[in-house]
Amino acid sequence: MTPPIKVLYIDDEENNLNAFKASFRRQYEIYTATSAKDGLEILDNLEIHVVIADQKMPTTTGVEFFREIVNTHPNPTRILLTGYTDIDALANAINLGHIYRYIAKPWSVLELHNCIKNAYDAYMANINLGNKVAELEKTNDELNRFIYSISHELRAPLVSIMGIVNLVKLENKQYSDTEYWNLVETCANKLDYYIQKTQQYYKNIKDNSPIEKIDFNVLVNDLINIYALPNRDIQFKIDIQQDIPFWSDAFRLEVILGNLISNAIKYQKTTEPHKQVIINITVNAKEAEITIHDNGVGILQEHMDKIFTQFFKGRIHYGSGLGLFIAKEALNKIKGDITVSSAYEKGTTFKITIPNAK
Amino acid sequence: MQNKGKIMLVDDSDIDLKINAKIISLTDLFEETISCKSGEEALDYIKRHLKNPKNLPQLILLDIHMPLMGGFAFLDAYSLLPTSFTANCHIAMLSSTLDFAHIKKSEANPLVTRFLKKPLQATELKKLVNEITLARL
């Protein structure tokens, strides 16, 4: 047997309460109160499913009562009873009291009965939805924590492997020249790259990092130093127009620019004698406009709408399929925008705008 | 020439202890490496040798993620050791963490001279030892 439906009926006229009880006591568990104050006490102590209140009561009207409990007791479904068709009261009941149904006095048993049953279904649907949301939030939270922990756990032994490779190279020059050690190192670095991207992704969905003052000159030069190390033959043309302070989420900005700059460096043509990356940044009070252009391999037209999808890789498999996906996710978080234009074998241009957060 | 000192490794991973001890011995910067499998073991060693300063390390490479006593908990316990020892000893965190907060927290701690990323690089260690020696002169 399902537990009985708990109905609270508030009316200052005892006769109405008694009539209600007489009609419905077999179907429902009925609680009654003669004032809003008494009704509230019942709501505070019991899990009521449906609340019915008369509009015309001394001190507190039905609508005023519903309005009071909208935030403190949001779950019970609310039904307003009234003998007057007062349009203002009705509008208030809907807009402020969030009522489910409006019933005119004198009520018919059948109408009220159906109304209570429907109200209970609405109550249950609402509760179930709430439970589902809580469940999903919990699962999501657990998944996030799992990603965080597992990426830490995966990285520790990987870093040990990198240490062993280092050691071999230090200890025995000749032995370490064998191709195998270089292969192990390449694989370890690649695996590490994936783990680092996973952590970037995790941090991006989770944290709300503080807004900091950004100096684009410093940031861009730092990033180029990190990513251009093995590619000394690329020429960088950097033009940064920043006369006013720019405020943004430093972590996400670094993720976005880092991924785009490292792509511009990575996807160069091996045959190109004048490898070039051009970065233009202009900052105004509203936003920063950033263009990153390279004369590299370019993107095939049919791939253009997929490049921001996770694990999408182009024909040349340098990447993890995560860089642009993460950059786009990070941009979404800080309400930035990105567009891309590219010509295959000629080069690619990314244009991003990021709002100035102060 | 100055006598080579001792270095202490605190790390719960046997493999990392071995690799790092080997790298340290190849740099020829220290006369001895004291390997400890936990923060507790390291504190215990230090306390046992307080009366025998020549057995004590001048540099400690400290892991962050360790069961029971982690790197930061070790730092708290370390700060209570007599200054006669701590004044002559440096600590560098050595971790595979990518967690920004951990790195910042390490750099902000007055007891920590440097944050080093795993895998330990011989060149990084040499640089650090150089700086410490210069600071002493």
Side-chain angles (χ1 to χ4, degrees), chain A residues 144-145 147-173 175-176 181 184-185 188-189 191-204 206-210 212 222 226 229 249-255 258 322 326 330, chain B residues 7 9-30 33 35 37-38 61-68 70-72 92-108 115-129:
Chain A
N144 282 345
R145 261 183 297 146
I147 289 175
Y148 181 72
S149 310
I150 201 74
S151 55
H152 266 285
E153 298 299 327
L154 287 174
R155 192 156 192 263
L158 178 64
V159 168
S160 299
I161 293 173
M162 293 159 112
I164 295 169
V165 175
N166 272 345
L167 195 51
V168 171
K169 291 192 160 177
L170 270 177
E171 206 173 20
N172 195 327
K173 231 16 198 148
Y175 187 38
S176 69
W181 287 106
V184 171
E185 192 174 36
N189 285 337
L191 193 49
D192 189 37
Y193 179 81
Y194 273 101
I195 293 173
Q196 295 201 24
K197 291 288 146 184
T198 307
Q199 294 216 342
Q200 269 187 5
Y201 175 74
Y202 161 81
K203 278 209 72 173
N204 181 50
K206 185 188 146 266
D207 287 350
N208 262 332
S209 15
E212 288 169 49
D222 280 355
I226 296 170
L229 266 178
D249 176 329
F251 165 73
R252 291 201 171 90
L253 197 58
E254 204 178 310
V255 166
L322 285 173
I326 290 171
Chain B
I7 184 168
L9 292 173
V10 189
D11 200 319
D12 61 310
S13 156
D14 279 326
I15 296 177
D16 283 2
L17 279 177
K18 249 183 217 154
I19 298 168
N20 293 335
K22 193 77 198 180
I23 287 174
I24 291 163
S25 83
L26 287 172
T27 61
D28 207 23
L29 289 165
F30 296 90
T33 304
S35 294
K37 275 211 54 140
S38 68
L61 301 186
L62 179 62
D63 188 21
I64 292 178
H65 290 280
M66 291 185 286
L68 299 176
F72 292 110
M93 303 305 257
L94 177 62
S95 169
S96 63
T97 189
L98 295 170
D99 194 325
F100 212 56
H102 278 151
I103 299 173
K104 289 264 168 201
K105 197 175 160 192
S106 306
E107 284 168 348
F115 179 91
L116 292 175
K117 279 184 192 156
K118 279 187 187 176
L120 178 63
Q121 303 284 349
T123 46
E124 291 284 315
L125 183 65
K126 277 179 195 159
K127 223 165 81 186
L128 174 64
V129 171

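In what follows, every chain begins at residue 1, and chains take the letters A, B, ... in the order their sequences are listed. Computed over heavy atoms, backbone and side chain alike; hydrogens, waters and symmetry mates excluded.
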*chain B contact residues among residues 194-201 of chain A, heavy-atom distance under 4.5 Å*: A:Gln196, A:Gln199

_Rounded distance [0.5 Å steps], NE2 in A:His152 versus NE2 in B:His102_ = 6.5 Å

*asked:* Minimum heavy-atom separation for A:Val159 and B:Ser96, please, with both atom names.
replied: CG2-CB, 3.8 Å

_Rounded at 0.5 Å granularity, tell me how far CG in B:Leu26 sits from CG in A:Asn166._
11.0 Å

_Report which part of B:Thr27 has an atom under 4.5 Å of a heavy atom belonging to chain A: side chain, backbone, both, or neither._
neither

*Using the test side chain to side chain donor-acceptor pair (under 3.5 Å), find all partners of B:Asp16 that sit at least two apart in sequence or belong to another chain.*
A:Ser160, B:Lys118

*asked:* Going by side chain to side chain donor-acceptor pair (under 3.5 Å), name the residues that satisfy it together with A:Asn144, two or more places apart in sequence or in a different chain.
replied: none

_Heavy-atom proximity to chain B below 4.5 Å, by part of A:Tyr148_ = side chain

*Is the count of non-hydrogen atoms from other residues, nucleotides or ligands lying under 6.0 Å from B:Ile15 atom CD1 greater than 12?*
no

*asked:* Tell me every residue that passes side chain to side chain donor-acceptor pair (under 3.5 Å) with B:Lys22, counting only those two or more places apart in sequence or in another chain.
replied: A:Glu171

*Relative to chain A, which segment of B:Ile19 carries a heavy atom at a distance below 4.5 Å: side chain, backbone, both, or neither?*
both

